[in-house]
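I have placed the structure first, in the form of structure tokens, so that the comments after it can refer back to it.
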Amino acid sequence: MATPAPSAPRKWIVTLEGDESPEQIAEHLRARGFVVEQVLGSVGVITGQATDSTVEKLRMLPGLQSIEPDQPIQLPDSSTGITW
């Protein structure tokens, strides 16, 4: 029986709780296989890539509020007349 192929890395948004420094948390994530793309310390967010299995292990790290998949959004064209 063949072993299942590992999942492909995908993009994630990590929201921080605020007790630790964003750079320290980014280092903890890197050490566990998360590829950090951006550390947005002023808003308490780190973006990057990892497999689903890596993320499941990262959810236990202290200092993290959540880890959610990064999903693209599309705002309506300004010609539609929709305002916000």
Side-chain angles (χ1 to χ4, degrees):
M1 179 190 306
T3 35
S7 63
R10 59 182 176 147
K11 293 184 177 263
W12 298 90
I13 297 173
V14 179
T15 305
L16 309 178
E17 286 184 339
D19 293 342
E20 286 189 59
S21 115
E23 286 298 332
Q24 284 180 324
I25 293 176
E27 284 305 314
H28 293 304
L29 294 171
R30 282 185 189 103
R32 290 162 177 83
F34 189 87
V35 178
V36 173
E37 293 176 349
Q38 293 182 307
V39 178
L40 307 169
S42 61
V43 293
V45 169
I46 297 172
T47 65
Q49 295 186 41
T51 63
D52 292 349
S53 60
T54 297
V55 167
E56 285 308 310
K57 295 172 190 167
L58 294 174
R59 291 186 194 278
M60 302 301 174
L61 284 176
L64 305 185
Q65 182 176 3
S66 67
I67 303 177
E68 301 296 330
D70 185 3
Q71 300 180 8
I73 61 168
Q74 179 65 47
L75 296 175
D77 186 291
S78 62
S79 66
T80 63
I82 297 174
T83 60
W84 30 285

Check: Within a strict 4.5 Å, meaning less than it, do heavy atoms of the L29 and L58 side chains meet?
Finding: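 The answer is yes; the side chains approach within 4.5 Å.
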Rounded to the nearest 0.5 Å, what separation is found between the [atom1] atom of [X] and the [atom2] atom of [Y]?
X   : Y   : atom1 : atom2 : value
L16 : Q24 : CG    : CD    : 11.5 Å
T51 : E56 : OG1   : CD    : 9.5 Å
T15 : I46 : OG1   : CD1   : 9.5 Å
E27 : R32 : CD    : CZ    : 11.0 Å
I13 : Q38 : CD1   : CD    : 10.0 Å
L40 : T47 : CG    : OG1   : 6.0 Å

Given 3.5 Å as the limit, does a donor-acceptor pair link the side chain of [X] with the main chain of [Y], or not?
X   : Y   : answer
R59 : I67 : yes
W12 : D70 : no
S66 : E68 : no

Taking all non-hydrogen atoms of both residues into account, name the closest pair between [X] and [Y] and its distance.
X   : Y   : value
Q49 : P9  : OE1-CB, 4.2 Å
D52 : R10 : OD1-NE, 2.9 Å
S7  : S53 : OG-N, 4.4 Å
A50 : F34 : CB-CD1, 3.6 Å
P22 : G41 : CG-CA, 3.7 Å

(request) Check salt bridge (charged side-chain N to carboxylate O under 4.0 Å, His left out) between E37 and all other residues, then give those that pass, not counting sequence neighbours. (result)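 Counting only residues at least two positions away or on another chain, E37 forms a salt bridge (charged side-chain N to carboxylate O under 4.0 Å, His left out) with K11.
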| query | Taking the hydrophobic residues Ile, Leu, Val, Met, Phe, Trp and Tyr, and joining any pair whose side-chain heavy atoms are under 4.5 Å apart, which ones share a cluster with M60? | reply |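 Traced through the cluster, M60 reaches no other member.
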Kindly work out whether a path of hydrophobic side-chain contacts (I/L/V/M/F/W/Y, heavy atoms less than 4.5 Å apart) joins V45 to V39.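 Shared cluster, no.
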Tell me whether V55 shares a hydrophobic cluster with L61, the cluster being built from Ile, Leu, Val, Met, Phe, Trp, Tyr side chains joined at under 4.5 Å.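 Per the 4.5 Å side-chain linkage, V55 and L61 are co-clustered.
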